[in-house]
Amino acid sequence: MGNVYVFDHPLIQHKMAILRDKNTGTKDFRELTKEISMMMTYEATRNLPLKDVEIETPIRKAKVRMLKGEDIAIVPILRAGLGMVEGMQAIVPNAKVGHIGVYRDPDTHKPIEYYCKLPSDIASRQVFVVDPMLATGGSAAASIDFIKERGGKNIIFMCLIAAPEGIEFLQNRHPDVDIFIAAKDSHLNEHAYIVPGLGDAGDRLFGTK
Ligand code: PRP
Ligand code: URA
């Protein structure tokens, strides 16, 4: 079973509080999503493998440690996942970015795929699938299905808010995937929205409602 990591860093929790507030407008929502994603990436990349390297400082030769060359792919789930990409790229500027378009059918709440474009070498990359919200888990599980069908193997899922129902669903469907979240909320309401959550992440990011 994959591990679930909840980031309880005070800065992340503080920014999450402002993000959730219904009075926070689109500009601040976008900025906070970027900042929180950047901090989460710092933590989520903690276990990337390192190798010993010899370099020369202006003083003398030195043995130092650098990333082993494990390349990263960031795969946002459209639309709302896009809001997390810029902050992640600030930490891992060389990461390639793939895109998966999935939306929830408003009646059935089941995920519908409409777009998928991944780096051609996805099989050899550490893949970060990102979306601010893990509600039923349907969108995340389907997106990871698509990535695995195209060869992806080392996959991490990262989101801002997760419902217990979504965590359980994703763990059952993809037990090899670790889940990184900023907050675990109470439950889903009758419309499969996260309670207390933050509302519709895509709409709040892009000002569509
Ligand atoms: C939202 C959110 C996730 C999904 C989560 O997207 O960004 O992708 O719902 O719900 P689930 O865990 O129950 O699948 P939405 O379908 O609203 O599309 P959007 O990002 O284009 O607004
Ligand atoms: N998608 C959202 O944007 N918010 C929720 O609470 C659930 C799904």
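Whatever order the structure lists them in is the order used to number ligands and atoms, beginning at 1.
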Side-chain donor/acceptor of D203 to backbone N/O of G207, under 3.5 Å: no
G83 backbone acceptor or donor facing R30 side chain under 3.5 Å: no
For V75, the option from L118, V97, V130 that meets side chain to side chain contact (heavy atoms under 4.5 Å, CB included): L118
I122 side, atom CD1; K117 side, atom NZ - distance, nearest 0.5 Å: 12.0 Å
Derivation and outcome, salt bridge (charged side-chain N to carboxylate O under 4.0 Å, His left out), residues E86 and K34: CA-CA 6 Å; E86 203 182 325; K34 177 179 151 187; 3.4 Å; yes
Within reach of ligand 1, part of T136 (heavy-atom separation under 4.0 Å): both
Pick from G197, G199, A135, A201: the one approaching atom 4 (N) of ligand 2 most closely through a non-hydrogen atom: G199
Contacting atoms of ligand 1, where contact means under 4.0 angstrom from a heavy atom of M133: 3 (C), 5 (C)
Residue and atom name of the nearest protein heavy atom (relative to atom 14 (O) of ligand 1), distance in Å to one decimal: S139 OG, 2.5 Å
Heavy-atom nearest neighbour in the protein, as seen from atom 6 (O) of ligand 2, with distance rounded to 0.1 Å: I194 N, 2.8 Å
Test of proximity, A135 against ligand 1: N or O pairs below 3.5 Å: yes
Pair R173 + D145: basic N to acidic O under 4.0 Å: yes
Contact with ligand 1 for G137, non-hydrogen, under 4.0 angstrom: yes
Between NZ on residue K184 and CD1 on residue I179, distance to nearest 0.5 Å: 9.5 Å
Pair F180 and F7, ring centroids less than 6.0 Å apart: yes
Protein contact of atom 22 (O) of ligand 1 - nearest heavy atom, named by residue and atom, plus distance: R79 NH2, 2.9 Å
Any N or O of A80 closer than 3.5 Å to N or O of ligand 1: yes
Protein residue, atom and distance nearest to atom 5 (C) of ligand 2, heavy-atom basis: Y193 CD2, 3.4 Å
Whether Y114 and Y103 hold their rings parallel, tilted or perpendicular, with breakpoints at 30° and 60°: tilted
Short N or O distance, A140 and ligand 1, threshold 3.5 Å exclusive: no
Atom 20 (O) of ligand 1 protein-contacted, heavy-atom criterion under 4.0 angstrom: yes
Atoms of ligand 2 close to A192 [distance to a heavy atom under 4.0 angstrom, numbered from 1]: 7 (C)
E165 (side chain) donor-acceptor with H187 (main chain) under 3.5 angstrom: no
Top protein contact for atom 17 (O) of ligand 1, by heavy-atom distance: D200 OD2, 4.0 Å
Any P132 heavy atom less than 4.0 Å from ligand 2: no
Ligand 2 atoms in contact with R104 (distance to a heavy atom under 4.0 Å): 7 (C), 8 (C)
Nearest-neighbour protein heavy atom for atom 16 (O) of ligand 1, which is reported as residue plus atom name and distance: R104 N, 2.9 Å
Any donor-acceptor pair under 3.5 Å from E56 side chain to A62 backbone: no
For atom 3 (C) of ligand 1, closest protein heavy-atom neighbour: D131 OD2, 3.0 Å
Spatial distance of atom OG (S139) from atom CZ (R104) [nearest 0.5 Å]: 6.5 Å
Heavy-atom nearest neighbour of atom 1 (N) of ligand 2 within options R79, M133, H191, H109: M133
